[in-house]
Amino acid sequence: MYNRYFLLFLHMFRFLAFFLLTVLLYDAQGQEVNLPTDLRQHNLTEYNASFFNAAFSLNRNNPQSVALWTRWQWQVVDGDPTTIFLNYTRKLTPTSSIAGGFFQHNTGVFLNTGGVLNYAYAYEFNSDARFGVGANIFGFSRSLADDRTFIDPQIELPNTGEETSFVMQLSPGIFFQWKGMMVGLSAENLLDYNFTNNERDSGPESRRYLASLSYDYRLGANGSAIIRPAVYYKTFTDVDDQMGANVLYSTDRYWGQAGYNNFYGVSVGAGGRLFKKLSLGALMEFATDNILEDTDPTFEVVLAYHLGAQFEKDKTPEEQKEEELAAAEKENIAEEKAKEAAEKEAAALKERELEAEKKRKEQEEKIRQTQIEAEEKARNVAALREIRVRDSLNALSNEKDIRKKQAIAAQKRIDSIKKAKEQEKIALLKRRKDSSDRATALAEKEKPKEVEKEKVTVAANEKYEEVATEDGLQPGFYLIANVFGTKKYYEAFMKDLQSKGLEPKSFLRNLNKYNYVYLKRYNTMGEARRARDGKFGGRYPDKTWIFRVVGE
């Protein structure tokens, strides 16, 4: 067995040596291309998958393990690794896990160096379905990359105020799993803060989101081998969105994978698990986009050490024998239960047959009784018919009176129906008139009041401004919340008020070209003052002031 592992290790070593030699022989003077600033984690399928989605540490980091993943983007072997991630993962319970590690990431402009903490938890709905949540918390020092990294001269670098900044970043993730299918969603930089500058490190327009869908096909007697096809989609704001697919074939002793990304190209990778504990793998990615056709291949390496229980196939003969005995015992119990169930089913079948026979006899007796009753009824009907014939002869003389009474009753019904229709028509006309009167009254009530041409006496320390006219503004008293000369801050302020449930409006004043944001227009100075002093009904606690348009 150990000879097989040794030979596999030699093959992997030769494979890695070949690709490393290829990297050293490649000419690194290809076309310079701007890198997206994301983590470029699209090829992570098993180890360190919490970098792909924070919730995946529950089932794709193979807890408990220490794993190293590094990626050389387009074979820049003479500079810092584009990305390196060393991570330790372990499970706290069957439904929760934690992880922590070190990472270094070269975005092409900045070099981010720091640590990451991970926590994930799963809610079990039943044996087939569960929902998982997780979060990565990054804390890193950010500095400008060295001069060996290409920087587009058209990119305006942010003014950080310091040569090195310290940033914290939150990256949450969720997944829903039903049997073998898993749907994942994560935000790579949902929240961040630059402690050096004491401000947010990026705006909402810079958020990156990643959605994925995969399905695990279990193979083998114990289901230890899987084939996992997956697709993903990542959104960007500064570059085109990325989409891709990959497929993983994984067993207890080795794995292989292949994938495609619409920006980075085609990838092929493989790895082996040696001595029951050590896992080693490598991946090559070849650009297919025209803009990247002159770049060298990208190279990734995965190295992991498994600290927990052994793989399912690596159990000792004693453990396997115990499992076989337990399985045999379960099989005997299942056979006994099946036999007992068969006996119960046979007894139930016999009881159902007896019950059916009893019901059949009862039905026959019921049919016989019905026939007897039908014969008796026929005799009674014949006698009744004879009596009716005699009665008809006696009633023939009264037929004329009966018909007359019927005609009178029919006419009364017709008159009653006609009267009811007339009353309904009168009631309908009345309801329509009442509805019209109410609509007219409501319209009169809702007519806008004219702005009073009152003379305003400004109180001490009261901020008030008055103009004769303003282009596009209706005369009245406007409760001003703020004034902006910068569009960015004006738009942010409007969104903030709207998020608080308010309905702010604004106008651009011709005199100074400033945007005036107001909460509401009033017809009188008294109404405007009451709204200002009452903090707009308690809905806006900040200061406001009154701007009046007198009108012609």
Side-chain angles (χ1 to χ4, degrees), residues 34-44 48-57 61 69 71 73 81-87 99-120 132-145 149 151-152 155-162 164-175 184-212 232-244 261 263-264 488 492 495 499:
N34 294 329
L35 285 171
T37 58
D38 65 316
L39 296 173
R40 300 184 284 280
Q41 71 280 57
H42 50 277
N43 291 323
L44 292 175
N48 288 338
S50 59
F51 232 38
F52 189 89
N53 184 318
F56 284 2
S57 62
N61 275 10
W69 169 67
R71 174 185 173 94
Q73 186 66 48
T82 300
T83 306
I84 183 170
F85 181 42
L86 178 64
N87 189 43
F102 164 83
F103 80 98
Q104 184 184 74
H105 179 57
N106 192 326
T107 68
V109 176
F110 295 107
L111 183 65
N112 299 331
T113 305
V116 57
L117 296 176
N118 170 272
Y119 178 78
V133 296
N136 286 328
I137 299 178
F138 294 88
F140 55 89
S141 173
R142 183 177 66 190
S143 59
L144 290 177
T149 301
I151 301 177
D152 191 335
I155 297 177
E156 182 179 353
L157 297 179
N159 183 13
T160 61
E162 296 287 342
T164 300
S165 299
F166 180 73
V167 180
M168 291 199 72
Q169 182 174 290
L170 174 65
S171 176
I174 61 174
F175 72 79
L185 178 64
S186 65
E188 192 171 294
N189 57 343
L190 183 63
L191 296 174
D192 51 28
Y193 192 80
N194 190 318
F195 285 89
T196 303
N197 297 335
N198 293 324
E199 62 182 7
R200 290 291 297 272
D201 193 57
S202 61
E205 70 279 357
S206 300
R207 303 288 174 254
R208 297 186 293 272
Y209 299 95
L210 175 62
S212 63
Y232 58 87
Y233 188 90
K234 180 182 283 191
T235 63
F236 293 84
T237 56
D238 49 353
V239 295
D240 292 338
D241 293 347
Q242 292 180 18
M243 63 184 70
N261 180 285
F263 179 76
Y264 292 107
K488 173 182 177 182
K495 290 181 180 178
S499 68

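We're numbering straight along the sequence, starting at 1. Quick caveat, the model's predicted, so the values are computed rather than measured.
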**Student:** Just by modelled atom types, is the S206 backbone N or O under 3.5 Å from a matching donor or acceptor in the N189 side chain?
**Tutor:**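 Flag set: sc N189 to bb S206 pair under 3.5 Å.
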**Student:** Quick one, R142 and N194 - any side-chain contact, counting heavy atoms below 4.5 Å?
**Tutor:**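 When only atoms from C-beta onward are counted, N194 and R142 do touch, with a gap below 4.5 Å.
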**Student:** Would you kindly check if the NZ (Lys) or CZ (Arg) of R71 is within the cone defined by 45 degrees around the ring axis of Y264 and under 6.0 Å from the six-membered ring centre?
**Tutor:**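 Yes.
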**Student:** Is there side-chain contact between L117 and Y119, with heavy atoms separated by less than 4.5 Å?
**Tutor:**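 With C-beta onward as the side chain, the pair stays apart.
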**Student:** How close do S50 and N136 get, counting heavy atoms only, and between which atoms?
**Tutor:**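 Reported closest heavy-atom pair: O-ND2, 2.8 Å.
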**Student:** So, N197 side chain and E199 main chain: donor-acceptor pair closer than 3.5 Å or not?
**Tutor:**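 It does not hold such a pair.
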**Student:** Identify the heavy atoms of T196 and S165 that sit nearest to each other, and give their distance.
**Tutor:**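 Minimum heavy-atom contact is OG1-CA, 3.3 Å.
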**Student:** State the CZ-CZ distance between F51 and R40, to the nearest 0.5 angstrom.
**Tutor:**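 One finds 10.5 Å between CZ of F51 and CZ of R40.
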**Student:** Is there a side-chain contact between R200 and L191 (heavy atoms, below 4.5 Å)?
**Tutor:**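 SC-SC contact between R200 and L191 confirmed.
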**Student:** Can you name the one residue among K234, Q242, R208 that meets side-chain hydrogen bond (donor to acceptor under 3.5 Å, both in side chains) with D38?
**Tutor:**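 Between D38 and the candidates, side-chain hydrogen bond (donor to acceptor under 3.5 Å, both in side chains) is satisfied uniquely by K234.
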**Student:** Taking all non-hydrogen atoms of both residues into account, name the closest pair between A54 and G134 and its distance.
**Tutor:**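 Heavy-atom minimum between the residues: CB-C, 3.6 Å.
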**Student:** For T82, is there any backbone N or O sitting under 3.5 Å from a side-chain donor or acceptor partner on Q73?
**Tutor:**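 No; zero donor-acceptor contacts below 3.5 Å.
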**Student:** Would T235 and R207 count as having a side-chain donor-acceptor pair, cut-off 3.5 Å?
**Tutor:**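 There is no such pair between these side chains.
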**Student:** Of all heavy-atom pairs between N87 and G100, which one has the smallest distance, and what is that distance?
**Tutor:**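 Here N87 and G100 meet closest at OD1-O, 3.0 Å.
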**Student:** Just one of T83, I84, L86 clears the side chain to side chain contact (heavy atoms under 4.5 Å, CB included) bar with W69, so which one?
**Tutor:**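 Only match with W69 under side chain to side chain contact (heavy atoms under 4.5 Å, CB included): T83.
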**Student:** Is S171 reaching over with its side chain to a backbone N or O of A187, donor-acceptor style, under 3.5 angstrom?
**Tutor:**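 A pair under 3.5 Å: yes.
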**Student:** Are S57 and N118 close enough that a side-chain donor and a side-chain acceptor fall under 3.5 Å?
**Tutor:**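 Indeed, the side chains of S57 and N118 share at least one donor-acceptor pair under 3.5 Å.
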**Student:** Look at the aromatic rings of F103 and F138 and report parallel, tilted or perpendicular, splitting at 30° and 60°.
**Tutor:**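 Perpendicular.
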**Student:** Do L39 and F52 have side chains that approach each other closer than 4.5 Å (heavy atoms only, starting at C-beta)?
**Tutor:**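 The answer is no, as the side chains (C-beta and beyond) never meet within the 4.5 Å cut-off.
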**Student:** To the nearest 0.5 Å, what is the distance between CG (N48) and CZ (F56)?
**Tutor:**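 Spacing of CG (N48) from CZ (F56) equals 14.0 Å.
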**Student:** Using every non-hydrogen atom in the two residues, find where G173 and N53 come nearest and quote the distance to one decimal.
**Tutor:**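 Reported closest heavy-atom pair: CA-OD1, 3.4 Å.
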**Student:** Do F236 and D241 have side chains that approach each other closer than 4.5 Å (heavy atoms only, starting at C-beta)?
**Tutor:**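 Touching, per the 4.5 Å side-chain cut-off.
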**Student:** How many angstroms lie between CG in L185 and OG in S212, if you round to the nearest 0.5 Å?
**Tutor:**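 Reported value, rounded in 0.5 Å steps: 8.0 Å.
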**Student:** Above 12 or not: heavy atoms from other molecules or residues under 6.0 Å from CG of D240?
**Tutor:**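 Not more than 12 within 6.0 Å, no.
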**Student:** Can any side-chain N or O of Y193 pair as donor or acceptor with the backbone N or O of D201 at less than 3.5 Å?
**Tutor:**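 Between the backbone of D201 and the side chain of Y193 there is no qualifying donor-acceptor contact (under 3.5 Å).
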**Student:** Step by step, would you call F110 with L144 a side-chain contact (heavy atoms from CB on, under 4.5 Å)?
**Tutor:** CA-CA 4 Å; F110 295 107; L144 290 177; 3.5 Å; yes
